[in-house]
Amino acid sequence: MTRDTIAEIITSIRNADMNRKRIVRVASSNITETIVKILLREGFIENVRKHQESNQSFLVSTLRYRRNRKSRNFLNLKRISRPGLRIYSNHQRIPRILGGIGIVILSTSQGIMTDREARLEGIGGEILCYIW
C-alpha cells in the first residue's frame, strides 16, 4: 500500500486552517517541498522552515491568518488527480479557478508548477490540486 503524500499535505493544511491553527508540520519530500514553495510564492503561506528530528525531516509552515474571518475558510484545497484516477490536461484546457484568483498545481515534464507558469511554457500535465 502506497502513501499519497500530496493528499496528506493538503489534508494537513486544510485541517489546520479549519481549526485556526497557525503552524502545520508535514513530512518532507521533494514533492511536498515544491508544493509548499509554490504556496509560499503565491501568498497562501507566510513562512516555511525545515526541521530535523531524529533521522526524519519535517516542513514547518506558518499559515496566513485573517482575524475577521467568521463563516468562510481562507484556504480551500481540493485534490484532483489521485492514485486511482489520474487527471491530465493539455495547456489549452487547464482550468481557471475563480477566474484566475485561485491556482492549479500541475505536475509537468519540467517539474511541478502552477497553471499560469504551465500556460506560459505551453505545456500540460497531471492536475494535482486546486487552491483558492
Problem set entry | Validation row: Val60, Ile23 side chains within 4.5 angstrom (heavy atoms) | yes

Exercise. In the single-linkage hydrophobic clustering (I, L, V, M, F, W, Y; side-chain heavy atoms under 4.5 Å), do Trp132 and Ile127 co-cluster?
Worked result: yes

Problem set entry | Single-linkage hydrophobic cluster Phe58~Ile45, side-chain heavy atoms < 4.5 angstrom | no

Exercise. Roughly how far apart are Asn76 CG and Met18 CE, rounded to 0.5 Å?
Worked result: 10.0 Å

Exercise. How long is the span from the CD1 atom in Ile131 to the CD1 atom in Ile35, to the nearest 0.5 Å?
Worked result: 7.5 Å

For this session: To the nearest 0.5 angstrom, please state how far the OG atom of Ser89 sits from the CD1 atom of Ile94.
Result: 5.0 Å

Please table the atom pairs, donor to acceptor, closer than 3.5 Å between any side-chain atom in residues 95-110 and protein atoms at least two apart or in another chain.
unit_1	atom_1	unit_2	atom_2	d
Thr108	OG1	Gln110	N	3.2
Thr108	OG1	Gly111	N	3.4
Thr108	OG1	Gly111	O	2.6

Problem set entry | Rounded distance (nearest 0.5 Å) linking atom OG1 of Thr5 with atom CD1 of Ile31 | 4.5 Å

Exercise. Who passes side-chain hydrogen bond (donor to acceptor under 3.5 Å, both in side chains) against Asp4, sequence neighbours left out?
Worked result: Arg79

Exercise. Going hydrophobic residue to hydrophobic residue with side-chain gaps under 4.5 angstrom, can you get from Val48 over to Leu77?
Worked result: yes

Exercise. Taking atom CD of Gln56 as the centre, does the number of heavy atoms from other residues, nucleotides or ligands within less than 6.0 Å exceed 12?
Worked result: no

Problem set entry | All pairs passing salt bridge (Lys or Arg N to Asp or Glu O under 4.0 Å) where residues 22-41 contributes a residue, at least two apart | Arg22-Glu46, Arg25-Glu53, Glu33-Lys50, Arg41-Glu117

Pair up each side-chain donor or acceptor in residues 6-13 with any protein partner under 3.5 Å, not counting sequence neighbours, and list the distances.
unit_1	atom_1	unit_2	atom_2	d
Glu8	OE1	Arg3	NH2	2.8
Glu8	OE2	Arg3	NE	3.2
Thr11	OG1	Ala7	O	2.7
Ser12	OG	Glu8	O	2.9

Problem set entry | Pairwise distance NZ(Lys78) to SG(Cys129) - rounded to 0.5 angstrom | 11.5 Å

For this session: Considering only Ile, Leu, Val, Met, Phe, Trp and Tyr, and joining two whenever side-chain heavy atoms are under 4.5 Å apart, list the other residues clustered with Ile123.
Result: Met113

Exercise. Salt bridge (Lys or Arg N to Asp or Glu O under 4.0 Å): which pairs involve residues 123-132, sequence neighbours left out?
Worked result: Arg86-Glu126

Seminar exercise, completed: When every non-hydrogen atom of Ala16 is compared with those of Leu63, the smallest separation belongs to CB-CD1, 4.0 Å

